[in-house]
Structures are given as C-alpha cells and as structure tokens.
Protein chains: 2
Amino acid sequence: MLSVAEENYIKCIFKKSERSLAAVSTNAIAEAMQTKAASVTDMLKRLSEKELLHYKKYKGVRLTAAGNEVAKQLVRKHRLWEVFLVEKLDFSWDEVHDIAEELEHISSDELTEKLDKFLGYPKYDPHGDPIPDQEGNIKYRSKVTLKELEVGETGHVVGVRDSSATFLQYLDEVRITLGSTLTLRNRFAFDGSVQIELADGRALVLSEQVAKNLYITVNS
Amino acid sequence: MLSVAEENYIKCIFKKSERSLAAVSTNAIAEAMQTKAASVTDMLKRLSEKELLHYKKYKGVRLTAAGNEVAKQLVRKHRLWEVFLVEKLDFSWDEVHDIAEELEHISSDELTEKLDKFLGYPKYDPHGDPIPDQEGNIKYRSKVTLKELEVGETGHVVGVRDSSATFLQYLDEVRITLGSTLTLRNRFAFDGSVQIELADGRALVLSEQVAKNLYITVNS
DNA sequence: TTCCTAATTTAGTCCCACCTAAAAGAAGTG
DNA sequence: CACTTCTTTTAGGTGGGACTAAATTAGGAA
Ligand SMILES: [Mn+2]
Ligand SMILES: [Mn+2]
Ligand SMILES: [Mn+2]
Ligand SMILES: [Mn+2]
C-alpha cells in the first residue's frame with residue numbers, strides 16, 4: 001500500500017523518464033513536485049527501499065519494472081477519470097486535471113475496470129493523451145508540434161503539450177479542439193509565429209508559444 | 001483543508017450523535033475508528049482547536065455547527081458515490097462501502113454537484129439511507145425494525161441497520177431487496193425468530209438477528 | 001463518605017513527509 | 001592542478017497521526 005505522496009513521486013518520475021531512458025535528477029523532481037531537493041532525496045531513499053526505483057547517490061534515479069507498473073496504473077486511472085469528468089459530468093477540459101489528481105489515488109482495481117467499461121474503453125483522454133490498457137501498454141501516436149510542421153503541410157490536432165487551464169481556455173476561445181484540421185500557411189521569422197488555415201476556412205496567427213504546445217499528426 | 005483522518009473522525013462522531021443529542025465518549029470513538037483511546041484524545045484536541053467540536057476533558061464531545069456541516073457534506077458525498085457505483089458501474093450493494101469511504105474525501109464541491117445532477121438527484125443511497133441535500137438537510141423516514149413489527153402488519157423494506165457485506169449478501173440470497181413488501185405472520189418466542197410472507201407469496205423464517213437489522217416502513 | 005473500577009488523559013516514542021542550513025561531491029574552467 | 005559553481009546529500013528539526021505504559025478522574029457500590 002503506497003501513500004498518496006509516494007504515488008505522486010512515482011508518477012512524476014515516470015513522466016520525466018517516459019520516452020527518454022535517461023536517469024531523472026533530484027532537482028528535476030523537486031521542481032516538478034514543487035518541493036525541496038532535500039525532501040526528494042528523503043523520498044527517493046524510501047522508494048528505493050521499496051524497490052520501486054534504482055537510486056545511487058548523485059546519479060539520478062530510474063524506475064524499476066515494479067515502479068513503472070505502478071506509474072502506468074496511476075496514469076491509466078488519471079486519464080480514465082478525466083474522460084469521465086468531461087464525457088459524463090460535463091466538465092470542460094481545462095477543469096479536470098486537479099480533480100483527477102485526487103481521483104487517481106482511489107485504490108480499487110475493480111473500480112478502474114468497471115469505470116473503463118462504463119466509458120466504453122476510451123483510447124485517449126480529453127487532452128489527447130493515450131490511456132494505458134489494463135496491462136499497462138501505452139499506444140503512443142507519432143506527432144509533432146505545430147512549430148515543427150513545414151509550410152504547406154496539413155494535419156490535425158491530436159494533443160497539447162501544456163495542459164494548463166490558461167492554454168486550454170485560449171484554445172477554446174479561438175475554437176481549436178482535438179481533431180481540428182489545419183494547414184500551415186506561413187511562418188514569420190520575426191517572432192516565430194505561424195499562420196494557419198482551419199478546415200472551416202478561418203485563418204489564424206498563433207504565437208510561437210502556442211505553436212510549440214500544440215501536437216499535430218500530419219495527414220498522410 | 002482537513003486531512004482524511006480528521007474527516008473520518010468528524011463523520012464518525014456525527015454518526016454516533018445523529019438522532020441522540022448526547023455527547024460521544026472517547027471509547028466509543030476509539031472502538032468505531034478501530035484505534036486506541038489515547039489516539040482519539042489527541043485528535044479531539046486538534047479538532048477542538050479547529051472549532052469543529054466542543055471538548056471538555058472526561059465529558060465526551062459534540063460537534064459544533066461547523067463540524068456538523070462538514071460531516072453532512074461527507075455523508076452526502078459518500079452516499080452519492082455509492083449510488084454512482086451501483087447504478088452506473090454495476091457494483092452490488094455489498095461492495096460499495098469501502099470504495100465510497102475513499103471517494104468521499106475528494107474535495108471538489110463542483111464535482112459533488114455535477115455528480116448529483118448526473119445521477120438525477122437521488123434521495124436515497126443503495127442501502128436506503130437518505131442523501132443530504134446541498135445545504136445539508138436530511139429527510140429522515142419514519143421506520144421500525146422488522147423485530148418491532150406487530151404480527152399481521154404489512155410494510156416494505158426501506159433500509160438496513162447493518163450494512164456489512166455478509167448481511168447484504170444474505171439478503172440477496174433470500175431475495176429481499178429495498179422495496180420488498182412483506183407481512184409479519186408469526187413470531188417465535190423460543191429464539192425470537194419471525195415468519196414473514198413476501199409479496200410473491202414466499203414464506204420465510206428469519207432469525208432475530210436478521211429481524212433486528214431490517215428497517216421497515218409500515219403501510220398505512 | 002470512601003473505595004473500586006472503568007474511562008480517560010498524559011507522557012514518552014515512532015514513522016512519515018516535509019523544512020532549512022550546512023557539508024560534500026561533480027564537473028567544468030583557467 | 002586549483003577554483004568555482006551547481007547539484008545533491010546530510011544533519012537536525014517540525015507537525016501529524018499513530019502506538020504503549022503510566023497516571024488521573026468520574027461515578028457507582030458498599
Ligand atoms: Mn495525484
Ligand atoms: Mn489529461
Ligand atoms: Mn472515509
Ligand atoms: Mn450506504
């Protein structure tokens with residue numbers, strides 16, 4: 001039985017090392033967890049004691065297979081609850097993260113599976129992130145940020161890199177949603193902003209900041 | 001912001017003093033919380049410090065208005081989640097208590113209200129207990145235990161006094177559910193057991209133990 | 001009223017999860 | 001190599017929430 005704090009650390013480390021295979025530094029964890037490096041060292045020792053991660057002083061950490069398993073189940077629960085909140089309870093996509101941050105710690109496995117069934121086995125959460133299956137398998141989609149697109153290429157929005165409420169509310173405002181189809185029309189060297197055209201014909205200029213945080217799958 | 005432990009104590013004290021107006025003793029709390037009296041004393045001092053209850057050494061405790069408010073919101077959340085688990089996720093009524101015991105601590109008020117709406121504003125939980133409304137009002141139903149019924153009287157099942165899994169599973173087994181209509185046909189002095197007749201004509205003998213734990217509203 | 005017993009509180013520890021301050025290692029620079 | 005700077009760990013401390021053992025009090029029985 002892990003505490004909420006232990007689970008949050010595990011998930012945080014998982015996110016930092018997902019798709020990178022490098023060890024995660026103490027400072028990186030401290031920053032992400034909004035705590036101090038000394039507290040992180042403390043926790044790393046405890047989690048290492050429980051064989052959830054490999055820890056060698058000054059060398060950063062990586063999760064063990066067991067730690068990875070724990071992390072993926074947490075991500076699964078987090079994303080399933082987000083789907084529930086948006087699809088069933090009518091929350092908007094910028095309101096669900098903090099609530100799911102609590103709900104992901106409810107321990108019943110049976111609950112997770114029944115929730116998954118109730119939701120119709122969704123593959124992606126409201127932010128376009130893939131939901132791990134019961135065994136922890138995650139289907140990553142190939143995607144690039146809008147910033148990396150070539151002028152003239154067309155693709156559709158499949159996710160956001162930053163899911164802060166302010167960014168999501170901005171997207172609502174300019175009516176860009178998951179699934180929106182867009183074509184990159186122009187890139188401005190001056191400030192890195194880009195001009196896009198949406199399927200409904202609207203032309204928009206988006207800042208570099210926005211372009212870096214929108215994930216696109218190029219239509220093939 | 002209250003901790004999960006603090007919330008559980010508050011709810012426990014509420015349940016002990018609901019409908020009795022007497023102060024609750026340290027030992028009674030210790031027994032219900034499965035902990036030691038010394039730990040209870042500790043917690044009572046903290047909760048008293050937070051003005052959630054009135055505490056005088058050796059005199060037992062009673063909740064303040066604020067404490068009562070907290071308790072009723074917890075009961076509201078607990079029972080709403082139980083309805084969700086049974087109605088939407090297809091859990092049976094004997095499986096939901098422990099899960100709701102965790103879910104009741106999710107803090108978002110907006111979540112509670114949206115859940116209530118999603119469920120269609122239910123009045124009772126799967127065990128027949130009333131769900132407090134948003135303001136904390138609880139509609140108690142007049143009810144007696146089956147043991148208190150007079151021979152010849154007819155009523156219907158509106159709740160259970162004991163909602164342990166074993167009792168609920170027993171009721172499933174003999175096909176008695178909330179809403180079942182029954183008539184008391186006989187009472188046996190030997191062991192206090194009772195004979196009832198159900199609406200479908202079935203005659204059953206129930207032990208005194210069972211009769212004491214079934215709540216009935218007499219048909220008027 | 002005095003005694004006895006059960007209930008309750010106090011005292012002293014423990015572990016968890018955080019903190020600050022200080023020490024120590026890593027890694028690059030002249 | 002010696003220095004500097006940044007990162008990380010260690011040391012020491014706090015509060016929450018539990019425990020056991022010992023002291024105290026309330027309240028009923030004699
Ligand atoms: Mn969390
Ligand atoms: Mn998400
Ligand atoms: Mn609880
Ligand atoms: Mn219930």
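Residue numbers begin at 1 in each chain, while the letters A, B, ... track the order of the sequences.
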>> Any carboxylate oxygen within less than 4.0 angstrom of a Lys/Arg side-chain nitrogen, looking at A:K50 and A:E6?
In response: yes
> With sequence neighbours left out, what residues match B:H78 under ring pair (Phe, Tyr, Trp, His ring centres under 6.0 Å)?
Replying inline: B:H97
>> Judged by each residue's nearest nucleotide on DNA chain C, which is more toward the 5′ side, A:T35 or A:K57?
In response: A:T35
> Which residue, A:A38 or A:K59, contacts DNA chain C at a nucleotide closer to its 5' end, judged by nearest heavy atom?
Replying inline: A:A38
> Between B:F14 and B:Y9, is the ring centre distance below 6.0 Å?
Replying inline: no
> Between A:E104 and A:K11, is there a side-chain N and carboxylate O pair less than 4.0 Å apart?
Replying inline: yes
> Do the charged groups of A:D133 and A:K139 touch, with an N to O distance under 4.0 Å?
Replying inline: no
>> Using a 4.0 Å heavy-atom cut-off, does B:T26 contact any base of the nucleic acid, only the sugar-phosphate backbone, or nothing at all?
In response: sugar-phosphate
> Is A:N213 reaching over with its side chain to a backbone N or O of A:Q209, donor-acceptor style, under 3.5 angstrom?
Replying inline: yes
> chain A on DNA chain C: first and last contacting nucleotide, 5' to 3', under 4.0 Å to a heavy atom?
Replying inline: C:dA17 to C:dG25
>> What I want to find out is whether A:D162 reaches A:K212 closely enough, with some N-O distance under 4.0 Å, to be called a salt bridge.
In response: no
>> For B:Y215, does the six-membered ring have the charged nitrogen or CZ of B:K143 within the cation-pi criterion, i.e. under 6.0 angstrom from the centroid and within 45° of the normal?
In response: yes
> Contact boundaries of DNA chain D with chain A (under 4.0 Å, heavy atoms), 5' to 3'?
Replying inline: D:dT7 to D:dT10
